[in-house]
Amino acid sequence: MKVEMEDLHEEDATVCDSVNSLVEGCRLPVHMKGTDDWPLAELISIKEILGTKCYYVHYVDFNKRLDEWVTEEYLDTRKVHFPRRDGTSNTGVSTPKKIHFGEVNSRPSSPIPAPSQEILNGNAVLAAALQKKINSRKRKVPTTENEDSLEAPAPPVPGPRQSGSMVAHHDDVVTRMKNVNMIELGRHRIKPWYFAPYPQMVNLPCIYICEFCLKYKKSRKCLERHLVKCNLKHPPGNEIYRKEGVSFFEIDGRKNKQYAQNLCLLAKLFLDHKTLYYDTDPFLFYVMTVFDNRGFHIVGYFSKEKESTEDYNVACILTMPPYQRKGYGKLLIEFSYELSKFEGKTGSPEKPLSDLGLLSYRSYWAQTILEILITMNPVGENEKPQITINEICELTSIKKEDVISTLQNLNLINYYKGQYIIALNKDIIDSHRKAMESRKIRIDPKCLHWTPKDWGKRAKW
């Protein structure tokens, strides 16, 4: 039996004779369904369901998408840590809040990595990384790269117009619990991961959502009546890309406010760290669809500020669960950078990224940068190929600090005879080529028909 209680003092533990003594905020080992593990969990809510006492638990240090209702037999009451009663936190809702942004495709099973040090800028990142590497070699002590070096410290809760289409919410008991059991979207029935503020839809066995306009209904009969009247067969925006059955639609959050709000509600079911932001006017939404004889079906989307002072090219990004692990997540990321290329800018997603988002972006950055490095040609005979960080940024539209961090994580930067060099070995090249072979779908810039707008001249739009 595996019990994770490292962060709690042994003397704080109490043997609980009866589950009737348990209160919200208690922490104790709980058997995680589908595994043999008993990780430490916090009781978020206790209530009777159909005559059986049930406990809503959050597994400490695991993503909230794994939170679930359990019954008494899943609880280990031999070591219970009751919430403090010092007047500051009687409820025991004391799990440290982790703010993350943007979920991309992956399976919901990994713990959240802890954020690390701040990202430095430009050449300072490169110099600091190399100096650290040189120093470690001098000491002959092996070093490992921190897996979370791209995650900046969590910013303060933003005001009404400081973030993407979602803003950080107060981490209270209500928003910490999943409130939707199931949704039906087209041919798919999907179990949500997180809380979403769907009005008047709480405790329904299923919410029925029109896959074209994204309006939500409380029963299939209501949805069927709606479909008779709904004329949409695709998102209500301009189709700016189409190839091999994949299309992208650009939706203006001001012109199509209802659709944008419904899209945010749907996305909130699978994005933990934010709550709905109804003012969608400052944002554009790029919805990816696949086409068949019934219409254009939503696969995923990303939102983007019309004017970003931080050069963010993505605010929120999501691949719908039925389409995850099929290459669509990278396709969304690739499309966001193609837009940046058309704008003549370098871009980056809003940070900090979520655990899954960070993995997807790192993979995309690594594959894109390695593709540039591997296909480079030398300038002259008997010379090594040469390229600068700025040239990589111009070719890929990836922001400088993301390029440098990626090279660090790949352990490619070396210092030799007074110069910084990038060394590619056969294993890295073979691994990259194998990864690229698995990417069956790619963005073709020739199929993108889009002209960037100058949103500074807002009166014209």
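Fair warning: this is a prediction, and the values are worked out from it, not measured in the lab.
Atom NZ of Lys33 has more than 12 heavy atoms from other residues, nucleotides or ligands within 6.0 Å. Within 6.0 Å of atom NZ in Lys218, 12 or fewer heavy atoms from other residues, nucleotides or ligands are found, so the atom counts as exposed in its surroundings.
Using a 4.0 Å cut-off between a side-chain N of Lys or Arg and a carboxylate O of Asp or Glu, Lys306 and Asp252 qualify as a salt bridge. Of the charged side-chain nitrogens involved, none lies within less than 4.0 Å of a carboxylate oxygen, so that Lys351 and Glu401 do not count as a salt-bridged pair. Between Arg27 and Glu42 there is a salt bridge, since a side-chain N of the basic residue sits under 4.0 Å from a carboxylate O of the acidic one.
Residue pairs meeting the salt bridge (Lys or Arg N to Asp or Glu O under 4.0 Å) criterion with at least one partner in residues 431-446, sequence neighbours excluded, are Lys243-Asp444, Glu334-Arg439, Glu334-Arg442. Applying the salt bridge (Lys or Arg N to Asp or Glu O under 4.0 Å) test to every pair with at least one member in residues 184-193, sequence neighbours left out, gives these pairs: Glu184-Arg189, Glu184-Arg220.
Annotation: side chain of Arg294 is in contact with side chain of Asp292 (closest heavy-atom distance under 4.5 Å). Residues Val246 and Arg242 have side chains not in contact (no heavy-atom distance under 4.5 Å, counting atoms from C-beta outward). By the 4.5 Å heavy-atom criterion applied to side chains, Leu424 and Ile374 are counted as neighbours. Taking the side chain as every heavy atom from C-beta outward, Ile298 and Phe249 never approach each other to under 4.5 Å. Counting only heavy atoms from C-beta outward, the side chains of Arg176 and Asp67 never approach each other to under 4.5 Å. Looking only at side-chain heavy atoms (C-beta outward), Ile443 and Leu448 stay at 4.5 Å or farther from each other.
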List the atom pairs, with distances to 0.1 Å, where a side-chain N or O of residues 389-398 and a protein N or O form a donor-acceptor pair under 3.5 Å, not counting sequence neighbours.
unit_1: Asn390; atom_1: OD1; unit_2: Lys400; atom_2: NZ; d: 3.2
unit_1: Glu391; atom_1: OE1; unit_2: Thr388; atom_2: N; d: 2.9
unit_1: Thr396; atom_1: OG1; unit_2: Ile392; atom_2: O; d: 2.8
unit_1: Thr396; atom_1: OG1; unit_2: Ile398; atom_2: N; d: 3.2
unit_1: Ser397; atom_1: OG; unit_2: Lys341; atom_2: N; d: 3.4
unit_1: Ser397; atom_1: OG; unit_2: Lys345; atom_2: O; d: 3.0

Would you mind writing out the side-chain donor-acceptor pairs for residues 225-235 within the sub-3.5 Å range, not counting sequence neighbours?
none

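In this structure, the ring of Phe335 has its center less than 6.0 angstrom from the ring center of Phe248. Taking the centre of each ring, Tyr323 and His297 stay at or above the 6.0 Å mark. Taking the six-membered ring where the residue is Trp, the centroids of Tyr216 and Tyr198 are separated by under 6.0 Å. Under the 6.0 Å cut-off for aromatic ring centres, Tyr74 and Tyr55 do not qualify, their centroids lying 6.0 Å or more apart.
The side-chain contact (heavy atoms from CB on, under 4.5 Å) test applied to Asn377 returns no partner, not counting sequence neighbours. Residues forming a ring pair (Phe, Tyr, Trp, His ring centres under 6.0 Å) with Tyr364 (at least two apart in sequence, or on another chain): Tyr337.
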Checklist entry - So Ser247 and Glu239, side chain to side chain donor-acceptor pair (under 3.5 Å) or not? Walk me through it. => result CA-CA 7 Å; Ser247 293; Glu239 186 180 10; 2.7 Å; yes
Next on the checklist: Between Lys255 and Glu250, does the salt bridge (Lys or Arg N to Asp or Glu O under 4.0 Å) criterion hold? Intermediate values first, please.
Outcome noted: CA-CA 11 Å; Lys255 294 179 180 178; Glu250 181 183 63; over 6 Å; no
Next on the checklist: If you apply the rule side chain to side chain contact (heavy atoms under 4.5 Å, CB included), what do you find for Trp38 with Val30, and how did you get there?
Outcome noted: CA-CA 5 Å; Trp38 292 71; Val30 176; 5.6 Å; no
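Ring-plane geometry between Phe62 and Tyr59 is classed as perpendicular, the angle between the planes exceeding 60 degrees on a 0 to 90 degree scale with a lower cut at 30.
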